[in-house]
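Here it is, the structure, as structure tokens.
Side-chain atoms are counted along with the backbone in the values below, which use heavy atoms only and exclude waters and symmetry mates. The chains referred to below are lettered A, B, ... by the order of the sequence lines, with proteins before strands, and numbering in each begins at 1.
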Amino acid sequence: MDAELILITIGILCGTGLLGAVLLFFVARRFHVDEDPRIDRIAALLPGANCGGCGLKGCRDLATTCVQRGNLTGINCPVGGTPVMKKIAEIIGVCAEEANPMVAVLRCNGTCQARPKRSEYDGAHSCAVMNSVAVGTRGCSYGCLGCGDCADVCPFDAIAMDESTGLPVVDPEKCTSCGKCVATCPRHLLELRYKGKRDRRVWVACSSRDKGAVARKICTNACIGCGKCVRTCPFEAIDLKDNLAYIDFEKCRACGKCLDACPTGAIHSTLPPRKQPTESVQQ
Amino acid sequence: MKTFKLGGIHPPESKLTAGMPIVALELPRRVEILLSQHIGAPALACVAVGDKVVRGQMIASPAGFISAPVHASISGTVKAITTVNLPSGYTAPAIVIEADDEQHRADEIARKAQIEADAKPADRSISEDFSRDTIRRLVSEAGIVGLGGATFPATVKLSTKEGAEPELLLINACECEPYLTCDDALMRAYASNIMEGIELMMKASGVRRAVIGIERNKPEAIAALRNVLDPTWPIEICPLKTKYPQGGEKQLVEAVIGRRIPSGALPASVGVIVNNVATAFAVYAAVCRGRALTDRVITVTGDVPNRGNYLVAVGTSIKEILGEIPDDCKVILGGPMMGRTAATIDTPVTKGTSGLLVLSTPYRREEQACIRCAGCVQACPMGLEPYLLSTYGRLRMWDEARQALVADCIECGSCSYTCPSSKPLLDYIRIAKSTVMAQIRAEKSQK
């Protein structure tokens, strides 16, 4: 009895399996969708972080869009950068545009020393919450709140909070300019700017639109809108609007003259430290 | 005893100033009057620097239907139209008025006469002379806004369509926030004037019946109202079991008439308009006494020596009212549940300031992990899941938050109060709610 039962069971199972296989074979044939094999190849090249830095829904979406359009105009994967875009260009048979690599910079330098604490905050540890209920513990209605929402959202671990200054620090090596931090910061303090030739870039590390005297009272590192940098710049790259200087990174050649002109040190750069010729003459 | 069914909490009442009379604080020599003291478009300044203004004169006109005018709360000279601090530390445009000795003295005498006139029982024949439109116009010109805290322009609520009037005017006299007693003091002192105000509001909105919803922890106020109530009037007093947040309009409607307002709808959808009891008094003052909203009663309470219920001029500096307080105190504008902590007290009183609460041991306990006790779910008076909404807010999952009905949250803070892990649940829910509300508004304007 037992042997017979086992045989019947095996038979039924095999039969069902076979029937299913045959059915699936024909269904797969009937409903087959032709997908460009290049999409898979491109998707394999992309970083797969789905960060949305390209402005599309994710890496797969970028691959599909590239293949559908047949060219790469306006498409750039900031994470993979030029090497990946070149490979993609090879696959779809066009020339890749050279994209200027970018990096996120913080437009605030209100360190703990420059902006002493003015009030206490004991709500949720989140910049978005703090921004919505109050001006922040340091009294500046434009500056960094220091709760690190940008560091929390960075998918590449490129932002870390510096405890001594209370400000986030962007690691330019890890930053892929995906723009998540830019979208997250409730005060829009992070900006994507050109990495610059030989990694040299200059920017105004302040976003305060308060009048000079007010801004200075709140933070000793603030841009006071004096306009010295505007007059110094040989390339007309600096613009002064609402008591705040802004350096256009398309025009800036990173000469560093504005750095010396700024009376508050609100302009930051990645230039190597410069010699002080006046001092040596005096000596 | 009636109350709302879903959720709610019982925080310690701490009504330290209950039973204290309303004391008129001396008018300040300098006021900063904000142009935006209401929900809606900020008012437009209609005086210039150097102009002489008198107390009660309109100094900023409304900018649209959902807006309210602003009036000078002292006589004096317009010194500046500038930006002043808000309690949050941000700045907003305001008109600064300064008075000289003579103007100050004249104002004080005039106000004393007003207070004495108010103390007498209201003359009931006055209201009969006013038509529906006159009352609405006077209320609108007096710059009256909802004085419960939401500061919604009162005329908008009273402007009902003819033929489609709501059936009930609900007067919110719950004052469910711990510590606050300003409405209580007002009802004890001016019960007959409030009744008159309610009658005027009924006439203006064409409503035939009014109910005063009041928590039973204010027996003196209930007695004072009962005392002046004529049984032939269509006004009813409904004592309610004390429970927070009974003063929320959705909770109050449910508690009094047992109807639940649908998600996203206004009380008008169930045939009710809700107004605060202090608003009723302001309506009385505006219509019967021709007085603009330039003063309001606030409660000063907590760890300060000068506790009490004060009549203060709008625009008085909070610093001036509180006097010397230690630096490490927390000052909350409004009650402890829904009030906002002031980042700076160098800021003026507005029409919506109901109280100043000073706490000397104020800071929150340290946040710990959620233990899945569902205390917040049980406490939520809107039947939401605060732990979930808060997580969505923290992780910026706006679509999910919207599906979980974050827009229904009334921000009462029962969840944060209940949480044994001291999680700042409401802080994150507020972020999600404001984002979702912005989405909803954007979609509506597209249509």
Side-chain angles (χ1 to χ4, degrees), chain A residues 50-52 57 110 115-155 178-187 207-215 217-219 242-243, chain B residues 82-92 326-334 338-347 359-367 390-398 411 413 415-416 419 421-435 437-438:
Chain A
N50 290 321
C51 65
K57 276 175 232 151
R115 291 188 300 175
K117 215 172 199 179
R118 295 184 166 207
S119 56
E120 288 294 330
Y121 170 76
D122 61 355
H125 192 74
S126 147
C127 302
V129 174
M130 205 204 255
N131 180 53
S132 71
V133 296
V135 78
T137 53
R138 305 199 175 278
C140 177
S141 50
Y142 298 95
C144 178
L145 294 159
C147 286
D149 278 13
C150 48
D152 290 346
V153 296
C154 181
C178 72
K180 274 220 159 149
C181 52
V182 178
T184 302
C185 180
R187 296 209 159 155
S207 302
S208 171
R209 288 177 170 76
D210 282 328
K211 281 184 187 149
V214 180
K217 221 176 188 177
I218 294 169
C219 174
D242 297 337
N243 310 307
Chain B
T82 176
T83 54
V84 301
N85 279 336
L86 295 176
S88 61
Y90 292 109
T91 54
D327 272 348
D328 55 349
C329 276
K330 190 180 209 171
V331 178
I332 300 173
L333 270 68
M338 288 195 70
R340 290 280 175 115
T341 307
T344 168
I345 55 166
D346 193 8
T347 171
L359 297 175
S360 60
T361 45
Y363 296 103
R364 294 193 199 183
R365 284 169 295 167
E366 203 166 316
E367 181 185 345
S390 158
T391 311
Y392 287 151
R394 191 162 52 81
L395 301 177
R396 295 156 190 280
M397 295 162 75
W398 313 132
E411 306 184 26
C415 48
S416 297
C419 183
S421 295
S422 326
K423 286 180 87 70
L425 295 165
L426 180 59
D427 289 4
Y428 288 115
I429 296 177
R430 274 206 191 110
I431 290 296
K433 186 184 167 187
S434 60
T435 312
M437 292 302 272

Practice problem: Apply the test side chain to side chain contact (heavy atoms under 4.5 Å, CB included) to residues Ser126(A) and Asp149(A): give CA-CA distance (whole Å), side-chain angles for both, the deciding distance (0.1 Å), then the verdict. | Solution: CA-CA 6 Å; Ser126(A) 147; Asp149(A) 278 13; 3.6 Å; yes
Exercise. With a 4.5 Å cut-off on heavy-atom pairs, point out which of Ala124(A), Gly139(A), Gly136(A) contacts chain B the most.
Key: Ala124(A)
Quiz prompt | Part of Arg394(B) lying under 4.5 Å from any heavy atom of chain A | solution = neither
Quiz item: Counting distance only, does the side-chain N/O of Thr83(B) pair as donor-acceptor with the main-chain N or O of Ala92(B) below 3.5 Å?
Solution: no
Exercise. To the nearest 0.5 angstrom, please state how far the CG atom of Asp210(A) sits from the CG atom of Asn243(A).
Key: 8.0 Å
Quiz prompt | When Lys423(B), Glu367(B), Arg396(B) are compared by non-hydrogen pairs under 4.5 Å with chain A, the top option | solution = Arg396(B)
Exercise. Using atom types as modelled and distance alone, determine if a side-chain donor or acceptor of Ser416(B) lies under 3.5 Å from a backbone N or O of Gly413(B).
Key: no
